[in-house]
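To keep things clear, I will list the structure first and then write my remarks on it.
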Amino acid sequence: MPELPEVETVRRGLQPVLEGAVVLAVTLARPALRYPFPERFVERLAGRRILGLGRRSKYLLWEIEGGETLLAHLGMSGSFRIEGLGAPGSQTSPGAFALARSRDVRHDHVRFELKGGATVVYNDPRRFGFMDLLPTTDLERHPRLAGLGIEPTSNAFAAATLAAFADRRTPLKAALLDQAVVTGLGNIYVCEALWRAGLDPRRPASVLADQNEAEKLASAIRAVIAEAIEAGGSTLRDHMRTDGTLGYFQHRFAVYNREGEPCQRPGCDGTVLRIRQSGRSTFFCPSCQR
DNA sequence: CGATTAACCTGGAAGC
DNA sequence: TGCTTCCAGGTTAATC
């Protein structure tokens, strides 16, 4: 499910419940998700306080008292939900699950019981997600985090970041999906950002050697990510917030999932096209994306 | 080196 | 009502 905006939405939903909370018990329904759970996962968490909840790219980082960090990735279909919270307005609305992919308790894989009565449940039908637990001091060296590029939400991200592609002939689409230069983008937001920038996804990434194009694309990425976070992410099938409500940025897609529809750019009479690039669908308007 | 493809898994939608 | 095929917000190992 999740690109950066969806993971950030989940982080913001979990933060008020997890930050400062003490883990009473952890229950695993199976020995592995995509990868096995780390050694003594349950024992290393039980009785500990959660100090903070961060995010790097599409990874959630739970800072645990005692110097360890829990790393969680949602894969394609992972979600967290909160149970047992009495606070008004934070209860899961009964109809909410039915709107996203139907939830099945068979896919509840991890339960974190917190002191005070709340339980955080990780559900993941496809099990492409995973969790790891490691000393916080080793975090940057974790194989999954070590190669990640700049966050598009950070002040460090600019047109100059994209100049790294100046000598790359790979298509723009593939370049932006690669997490090594800019990190956090996935299939949806790459398509949307390239449409906003008016760039053809098939163009060689070396087009970004042009300062003008790099500026346009950088601000398109920045804007689409910020707007999507603001909207609580995009719900296609699985993504939901921790209270069970859905993201709504999907209603603002210009091209993603809009094959055959007229291009929304004022003055453009093109039609949204779907093609296949490196095994994934790309949506774009061939008439105004050059 | 760079660039596609297959694989990991389940379930929903579309086609016949 | 089936039964089959395709497709999905990701990542990575294997294969050109």
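We name chains A, B, ... by the order of the sequence lines, and we start the count at 1 in each one.
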Between C:dG10 atom C1' and A:Phe130 atom CZ, what is the distance in whole Å?
10 Å
Phosphate OP1/OP2 of C:dT12: any A:Arg144 side-chain N/O under 4.0 Å
yes
What is the nucleic acid contact for A:Arg127, judged by heavy atoms within less than 4.0 Å: base, sugar-phosphate only, or nothing?
sugar-phosphate
Under 3.5 Å, is there a donor on one side chain and an acceptor on the other for A:Tyr122 and A:Ser79?
no
Salt bridge flag under 4.0 Å for residues A:Arg44 and A:Glu68:
yes
Check for a donor-acceptor pair, side chain of A:His109 on one end and backbone N or O of A:Asp124 on the other, with a separation under 3.5 Å.
yes
Restricting to side-chain hydrogen bond (donor to acceptor under 3.5 Å, both in side chains), what partner residues turn up for A:Thr170, sequence neighbours left out?
none
I'd like to know if the side chain of A:Thr282 pairs up with that of A:Gln277 as donor and acceptor (distance under 3.5 Å, no hydrogens or angles considered).
yes
What's the gap between C:dC6 and B:dT5 when it is taken at their P atoms, as a whole Å value?
15 Å
If the cut-off is 4.0 Å, is A:Thr170 near the phosphate of B:dG2, judged by side-chain N/O to OP1 or OP2?
no
Hey, does the side chain of A:His107 come within less than 4.0 Å of B:dT10's phosphate (OP1/OP2), counting only N and O?
no
Are the side chain of A:Arg40 and the backbone of A:Glu43 linked by a donor-acceptor contact shorter than 3.5 Å?
no
Can you check the A:Arg202 CZ to B:dT4 C1' distance for me, whole Å?
17 Å
Do A:Glu6 and A:Tyr189 have side-chain N/O donor and acceptor atoms under 3.5 Å apart?
yes
Passes side-chain contact (heavy atoms from CB on, under 4.5 Å), A:Leu217 versus A:Leu199? Steps please.
CA-CA 8 Å; A:Leu217 183 56; A:Leu199 284 166; 4.2 Å; yes
A:Phe128-B:dC8 aromatic stacking (under 5.5 Å, under 30°):
yes
Any donor-acceptor pair under 3.5 Å joining the side chain of A:Arg126 to the base of C:dA8?
yes
Could you tell me how far apart A:Tyr35 (OH) and C:dA13 (P) are, to the nearest whole angstrom?
7 Å
Between the side chains of A:His142 and A:Asp132, does any donor sit under 3.5 Å from an acceptor?
yes
Using Watson-Crick pairs (N1 to N3, plus N6-O4 or O6-N4) and G-U wobble pairs, both distances under 3.5 Å, which stems of at least 3 pairs involve DNA chain B?
B:2-8 with C:10-16, B:10-16 with C:2-8
Write down the distance between CD (A:Glu6) and P (C:dG10), rounded to a whole number of angstrom.
9 Å
Go through residues 273-283 of chain A and report each residue with a non-hydrogen atom lying under 4.0 Å from DNA chain C, sorted by number.
A:Arg274, A:Arg276, A:Arg280, A:Ser281
Could you give the distance separating C:dT11 and B:dG11 at their P atoms, to the nearest angstrom?
22 Å
